[in-house]
Amino acid sequence: MDGGISRMEGQPTRAVIGSVIFSEWRQFGKFLLFPALPDRATIRPSAAIRSLLSLYLLDMLLMAVLIGGMAAAKASGVKMPEHLLSEMTLGPALLGFIVILAPIGEETIFRSWLSGRAGHWLALLVLATGAGLTVALAPKGVGSAALPVTLGIPLLTAVAMAAVLWRMRGRPALRWFQRHFRWFYYFSALAFAAIHLMNFVGADTLYLMPLVLPQLTLGLLLGYLRVNRGLWASVLMHALHNALFISLVLFGGGVGA
């Protein structure tokens with residue numbers, strides 16, 4: 001009797017979970033066809049985590065289809081270009097970069113500005129300026145003489161970014177950006193996919209385009225998550241995505257992201 005009650009109690013729970021997942025997928029589908037920038041992202045942790053997990057499941061399903069298609073093409077005799085990861089040793093430093101630093105950096109570059117807020121745009125400009133100055137002024141040698149540049153400029157950049165974000169907090173999205181948001185959303189996903197063309201060697205760019213369909217798909221998912229649930233949510237999903245696919249590379253020879 002107790003077992004029957006437990007099964008009956010479990011069925012509504014599964015139904016609720018399924019309803020939440022499919023509801024998020026439907027919302028993403030509508031957004032994909034008609035992208036619209038909300039006035040403000042819903043960054044409440046519970047709502048953000050529900051969206052993130054639902055989209056992560058969709059991400060895994062879509063990646064299985066896309067990467068499965070590539071594997072089938074390779075098995076049928078289609079020659080695939082080499083991935084850069086095949087030439088690298090996946091030590092702790094590289095793994096940390098792929099799973100932690102790359103998601104933070106790529107989400108900042110490709111999706112932080114999708115909010116359309118002047119403060120976020122200006123903070124990104126400050127970051128780009130600080131990074132450029134650090135690279136341009138960094139001395140060739142290492143040691144205490146290099147610290148004013150390699151440590152000082154990044155610290156000043158971080159302080160300046162924090163000041164900009166605090167001073168311009170709460171401002172709404174720029175109206176012209178909100179009106180034309182769909183094109184910025186599609187552009188960010190295409191740019192994200194295009195930069196990953198550099199992951200492959202030994203083939204023409206046109207031939208490589210189908211190989212970055214996983215990155216294009218991921219970019220569309222992350223763009224939706226960023227503007228609806230906040231930048232932290234897109235960073236976390238990006239990290240989970242990279243962690244999954246680098247695990248496939250380590251344990252089964254998958255296609256990295």
Side-chain angles (χ1 to χ4, degrees), residues 28 31-32 35 52 55-74 78-91 93-114 124 127-128 131-132 135 182-227 231-257:
F28 170 68
F31 182 90
L32 190 60
L52 188 156
L55 293 175
Y56 186 52
L57 177 59
L58 180 60
D59 173 44
M60 288 189 289
L61 293 174
L62 293 173
M63 293 303 124
V65 172
L66 292 171
I67 295 175
M70 293 178 191
K74 186 174 182 179
V78 177
K79 187 177 180 181
M80 296 290 183
E82 289 293 325
H83 195 283
L84 285 179
L85 285 179
S86 65
E87 303 175 356
M88 298 181 180
T89 301
L90 293 175
L94 182 56
L95 291 174
F97 174 81
I98 292 172
V99 176
I100 300 174
L101 295 182
I104 294 173
E106 290 179 344
E107 291 308 301
T108 300
I109 293 170
F110 292 103
R111 278 170 282 276
S112 65
W113 53 273
L114 279 179
L124 184 60
L127 175 62
V135 172
R182 70 158 55 198
W183 306 115
F184 293 107
Y185 168 67
Y186 294 142
F187 169 78
S188 72
L190 287 169
F192 178 68
I195 201 69
H196 285 84
L197 290 170
M198 296 189 297
N199 286 352
F200 301 94
V201 293
D204 294 332
T205 300
L206 185 62
Y207 176 73
L208 293 175
M209 294 300 288
L211 297 181
V212 294
L213 283 176
Q215 285 81 11
L216 176 61
T217 303
L218 179 63
L220 293 169
L221 287 165
L222 293 174
Y224 165 83
L225 192 61
R226 186 270 175 270
V227 300
L231 185 64
W232 73 269
S234 66
V235 170
L236 180 54
M237 179 168 157
H238 195 156
L240 291 172
H241 173 97
N242 282 10
L244 173 63
F245 283 91
I246 203 64
S247 297
L248 293 178
V249 171
L250 287 170
F251 299 110
V255 179

Heavy-atom closest pair (Leu225 atom, Ala233 atom, distance to 0.1 Å) is CD2-O, 3.4 Å
Nearest 0.5 Å, please: how far is CZ in Arg226 from OG in Ser112? 6.5 Å
Atom pair CD1 (Ile104) and CH2 (Trp232), whose distance is rounded to the nearest 0.5 Å: 14.0 Å
Distance (rounded to the nearest 0.5 Å) between Leu62 CG and Leu221 CG: 6.5 Å
Do the ring centers of Tyr56 and His238 come within less than 6.0 Å of each other? no
Give me the atom names and distance for the closest heavy-atom approach of Met70 to Pro214. CE-CD, 3.5 Å
Quick one, Phe200 and Val212 - any side-chain contact, counting heavy atoms below 4.5 Å? yes
With a 4.5 Å heavy-atom cut-off, do Phe192 and Leu216 have their side chains touching? no
If you measure from CE on Met60 to CD1 on Ile67, what distance do you get to the nearest 0.5 Å? 12.0 Å
Under 6.0 Å between ring centres, would you say that holds for Tyr224 and Tyr185? no
Leu66 side, atom CG; Leu213 side, atom CG - distance, nearest 0.5 Å: 6.0 Å
Tell me if a side-chain donor or acceptor on Arg111 pairs with a main-chain N or O of Ser234 at a distance below 3.5 Å. no
Atom of Gly219, atom of Ala189 and distance for their closest heavy-atom approach: C-CB, 3.9 Å
Is there side-chain contact between Thr108 and Trp113, with at least one heavy-atom pair below 4.5 Å? no
Nearest atoms (heavy-atom pairs only) where Glu107 meets Leu231: O-CD1, 3.8 Å
About how many Å separate CG of Leu240 and CG of Leu52, when rounded to the nearest 0.5 Å? 6.0 Å
Answer whether the closest heavy-atom distance between the side chains of His241 and Met63 falls below 4.5 Å. yes
Check against side chain to side chain contact (heavy atoms under 4.5 Å, CB included), Leu220 and Phe31: CA-CA 10 Å; Leu220 293 169; Phe31 182 90; over 6 Å; no
List the atom of Ile98, the atom of Ala102, and the distance in Å for their closest heavy-atom pair. O-CB, 3.7 Å
